[in-house]
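These notes concern the structure reproduced below.
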Amino acid sequence: MDGVRFGRQIRALRRRRRWRQDDLAEASGVSRGVVARIEQGFGDRVTVATLERVAQPLGARLTCRLDWHGEALDRLLDADHAAIVEQVVRILAADGWLYATEVSFSIFGERGSIDILAFHPVERIVLVIEVKSVMPAVQATFTTLDRKVRLPLDIARERGWVGRSVGRLLVVREDRTARRRVAEHEMTFRNALPDRSRAVRRWLARPTSVHPLAGLWFLTPDTQAVARQRVRRTDRGPKRGPADRS
């Protein structure tokens with residue numbers, strides 16, 4: 001973090017609103033001394049949460065970026081995501097589901113991509129699965145998932161899958177950070193995604209349209225071995241994946 005640059009940006013936004021440091025401090029719920037330290041270039045000495053609180057009343061949003069060996073960190077995250085998707089589709093196939101990954105759509109002005117779209121041909125259930133290798137912002141996650149759940153019957157019909165009910169599933173890699181974030185917003189998750197890992201696994205094996213799935217599934221860390229293998233292969237050069245072989 002460039003503390004000096006960040007401080008100058010906060011000061012410029014504050015002055016644009018014609019606020020004193022006292023005004024920004026009151027709006028942020030911090031002391032004037034904290035605002036002064038940030039503007040003087042010492043933002044790296046306060047917490048990220050405090051920086052967010054100071055930026056928000058100014059109409060600004062704090063974005064943190066972590067760099068590691070150029071694009072290697074992006075490859076690592078992609079490998080984590082791919083490993084989780086791979087594990088989920090293996091389970092779906094074993095339980096008799098049809099599935100497609102990275103399903104792009106453009107319907108009624110809505111555009112996006114569904115990580116996994118699954119269909120149970122007997123129960124005629126369409127299942128929208130969102131996969132996260134890291135736990136993102138809670139509100140953004142639900143907004144994205146809700147938008148995708150509005151469209152799956154039409155998206156599935158384009159593939160010849162005629163569904164009669166829709167389920168939703170958020171799959172998150174198991175770790176303490178993800179668990180803690182869910183715990184911090186427990187009521188929100190319980191209302192939107194009441195089914196948890198064991199119930200999710202039972203439902204996938206024996207789905208029913210009477211109780212469409214609305215689940216949060218933490219996958220165990222055994223996905224990481226696959227992820228690390230994929231990163232090592234990427235580092236050595238491009239390899240043909242399942243999509244290339246089809």
As a quick check of understanding, evaluate side chain to side chain contact (heavy atoms under 4.5 Å, CB included) for R202 and R198, giving each step before the final call. CA-CA 6 Å; R202 288 195 299 266; R198 291 184 181 179; 3.9 Å; yes
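- One finds the CZ atom of R181 at 15.0 Å from the CD atom of E186 (value rounded to the nearest 0.5 Å).
- Between P207 and L213, the closest side-chain pair of non-hydrogen atoms is not below 4.5 Å.
- Minimum interatomic distance between V172 and A178 (heavy atoms only, all atoms of both residues): CG1-CB, 3.8 Å.
- Listed by first then second residue, pairs satisfying side chain to side chain donor-acceptor pair (under 3.5 Å) with a partner in residues 119-131 read E130-K132, E130-K148, not counting sequence neighbours.
- Looking only at side-chain heavy atoms (C-beta outward), F6 and L51 come within less than 4.5 Å of each other.
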Name the atoms and distances for all side-chain donor-acceptor pairs under 3.5 Å in residues 21-28, with sequence neighbours left out.
{"unit_1": "Q21", "atom_1": "OE1", "unit_2": "R32", "atom_2": "NH1", "d": "2.9"}
{"unit_1": "Q21", "atom_1": "NE2", "unit_2": "E39", "atom_2": "OE1", "d": "2.9"}
{"unit_1": "D23", "atom_1": "OD1", "unit_2": "R20", "atom_2": "NH2", "d": "3.1"}
{"unit_1": "D23", "atom_1": "OD2", "unit_2": "R20", "atom_2": "N", "d": "2.8"}
{"unit_1": "D23", "atom_1": "OD2", "unit_2": "R20", "atom_2": "NE", "d": "3.4"}
{"unit_1": "S28", "atom_1": "OG", "unit_2": "L24", "atom_2": "O", "d": "2.8"}
{"unit_1": "S28", "atom_1": "OG", "unit_2": "R53", "atom_2": "O", "d": "3.3"}

Name every donor-acceptor pair, under 3.5 Å, that has one atom in a side chain of residues 92-103 and the other anywhere in the protein, sequence neighbours excluded.
{"unit_1": "D95", "atom_1": "OD2", "unit_2": "R201", "atom_2": "NH1", "d": "2.7"}
{"unit_1": "W97", "atom_1": "NE1", "unit_2": "L204", "atom_2": "O", "d": "3.0"}
{"unit_1": "E102", "atom_1": "OE1", "unit_2": "S113", "atom_2": "OG", "d": "3.4"}

Working for side chain to side chain contact (heavy atoms under 4.5 Å, CB included), residues L117 and I129: CA-CA 6 Å; L117 184 68; I129 304 176; over 6 Å; no
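- The two atoms that bring L193 and G215 nearest to each other are CD2-O, 3.7 Å, heavy atoms only.
- Nearest heavy atoms, V166 versus P152: CG1-CG, 3.5 Å.
- For the pair I91/W217, a side-chain contact is recorded, criterion being any heavy-atom separation below 4.5 Å from C-beta on.
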So Q87 and V171, side chain to side chain contact (heavy atoms under 4.5 Å, CB included) or not? Walk me through it. CA-CA 11 Å; Q87 182 171 343; V171 182; over 6 Å; no
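- With a 4.5 Å cut-off on side-chain heavy atoms, H81 and V85 count as touching.
- For the pair W161/I155, no side-chain contact is recorded, criterion being any heavy-atom separation below 4.5 Å from C-beta on.
- Residues I125 and G167 share a closest heavy-atom pair of CG2-N, 4.4 Å.
- A pairwise comparison of heavy atoms in L170 and F189 identifies CD2-CE2, 4.2 Å as the closest pair.
- Across all non-hydrogen atoms, the minimal contact from P212 to D195 is O-OD2, 4.4 Å.
- Put simply, the side chain of W19 never gets that close to the backbone of L58: no donor and acceptor are under 3.5 Å apart.
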